[in-house]
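First up is the structure itself, then whatever we jot down about it.
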Amino acid sequence: MTNNFFNKSFVTVNGITPEDVKAVCAKADKMKALVEKQGGSDELKGKILGALFYEPSSRTFSSFITAMQRLGGGIIPLSGMGNTSAAKGETIADTARVFSSYADVLAVRHPLPGVPAEIARHSSVPVINAGDGTGEHPTQALLDTYTISKHLSSFSELTVGLIGDLTNGRTVHSLSKILALMGVRKFVFISPTVLAMPAEIKVTLQSQGSAVTETDDLAKTIPELDVIYMTRVQKERFTDEAEYERLKLSYIVTKELMSHAKKTAVLMHPLPRVGEIAQEVDSDPRALYFREQLKNGMYVRMALLSLILKTQ
Ligand code: NCD
């Protein structure tokens with residue numbers, strides 16, 4: 001399989017091919033086996049990951065860090081940029097020049113869409129988008145696609161429900177595009193009207209031959225769904241606190257609600273959850289957020305780091 005990731009930035013899912021996604025998934029399988037057998041390897045010894053996180057993160061940050069360490073590489077772990085020259089007013093372009101002088105690859109999270117791409121333009125090393133504001137979250141989309149592929153065989157047969165804050169949630173922006181690319185033909189977008197999926201994403205999916213249905217009624221729709229992908233209402237994107245409070249618990253998945261879902265469905269969440277999935281649901285075998293998505297994030301990021309840093 002050709003490695004189209006080698007020495008390239010990965011800031012958007014646009015332009016990725018089904019073969020690229022399959023290459024990451026195949027490599028992630030190998031990484032999972034490696035970690036389970038011996039914890040890791042030395043394959044990225046001598047390479048350094050700079051993790052520049054301008055926004056809070058638990059999973060993405062830790063899984064990038066552990067991914068690099070499990071492959072024998074080193075890290076510049078900046079969880080928050082408040083102690084760097086960014087706080088003195090250094091420009092994004094200069095920050096890119098600085099950290100790409102020390103690291104071999106950068107993972108960047110920023111509150112503004114497009115900043116990882118801007119850093120990539122000024123960096124001498126590849127840059128991975130670890131979430132840019134309301135824009136994209138390409139590595140989360142890869143790990144979610146990988147997770148789905150382990151449970152449901154044919155993407156073209158699936159009905160995928162994306163639920164919650166579809167306007168501001170970057171995970172669903174990247175995920176819907178990758179799933180359409182992999183052959184998903186039926187999307188149901190479930191949100192309050194004010195938190196609907198951006199029109200340009202709907203147009204992209206439709207232009208790839210996928211049908212998009214929109215509704216605000218999860219209870220009515222849940223029996224049809226193969227993938228139930230919950231997201232939180234993105235508090236940090238709201239200027240009106242009362243509006244956030246009004247919308248934050250628009251949907252809550254309970255045991256009762258799950259009793260209407262398919263036996264074969266998967267329930268996913270990129271996390272953190274802030275009330276959208278009741279704890280009583282965690283033991284449901286269909287709930288994959290703790291059981292699989294977390295670790296798959298590490299395997300997929302190990303795979304991506306390896307593909308970017310080594311010719312294979
Ligand atoms: C998501 C994010 O940061 O976009 N979290 C994550 O990376 N797992 C989802 C969220 O914050 O709601």
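What you see is a predicted model, and the numbers here were worked out from it, not measured in a lab. Just so you know, ligand 1 is whichever comes first in the structure, and atom 1 is the first atom listed for that ligand.
The option with the heavy atom closest to atom 10 (C) of ligand 1, from among H137, Q293, R232, is R232.
Between the side chains of E55 and H110, no donor N or O sits under 3.5 Å from an acceptor N or O. Inspection of the S123 and R97 side chains reveals no N or O donor paired with an N or O acceptor under 3.5 Å.
Taking every heavy atom of P272 and a limit of under 4.0 angstrom, the matching atoms of ligand 1 come to 10 (C), 11 (O). Against a heavy-atom cut-off of under 4.0 Å, T60 is close to the following atoms of ligand 1: 6 (C), 7 (O). Close contacts of ligand 1 with Q234, meaning ligand atoms under 4.0 Å from a residue heavy atom, involve 10 (C), 12 (O). Below 4.0 Å from some heavy atom of R59 lie the following atoms of ligand 1, by number and element: 8 (N). Taking a cut-off of under 4.0 Å to the non-hydrogen atoms of Q140, the atoms of ligand 1 that pass are 6 (C), 7 (O), 8 (N).
Within the cation-pi definition used here (under 6.0 Å to the ring centroid, within 45° of the axis), R301 qualifies as a partner of F64.
Under a 4.0 Å N-O distance rule, the pair K47/E43 does not qualify as a salt bridge. Between K295 and E292, no side-chain nitrogen of the basic residue sits less than 4.0 Å from a carboxylate oxygen of the acidic one, so the salt-bridge criterion is not met.
Of the candidates I228, L179, L175, V160 forms a side chain to side chain contact (heavy atoms under 4.5 Å, CB included) with just one, namely L179.
For K202, the NZ atom is densely surrounded, since the number of other residues' heavy atoms within 6.0 Å is greater than 12.
Regarding atom 8 (N) of ligand 1, its nearest protein heavy-atom neighbour is P270 O, 2.9 Å. For atom 5 (N) of ligand 1, the closest non-hydrogen atom on the protein side is L271 O, 2.9 Å. For atom 4 (O) of ligand 1, the closest non-hydrogen atom on the protein side is R170 NE, 2.7 Å.
Between E236 and ligand 1, no N or O atom pair is found at a separation short of 3.5 Å.
Using a 4.0 angstrom heavy-atom cutoff, E55 does not count as in contact with ligand 1.
For S191 (side chain) and T193 (main-chain N/O), no donor-acceptor pair under 3.5 Å exists by modelled atom type.
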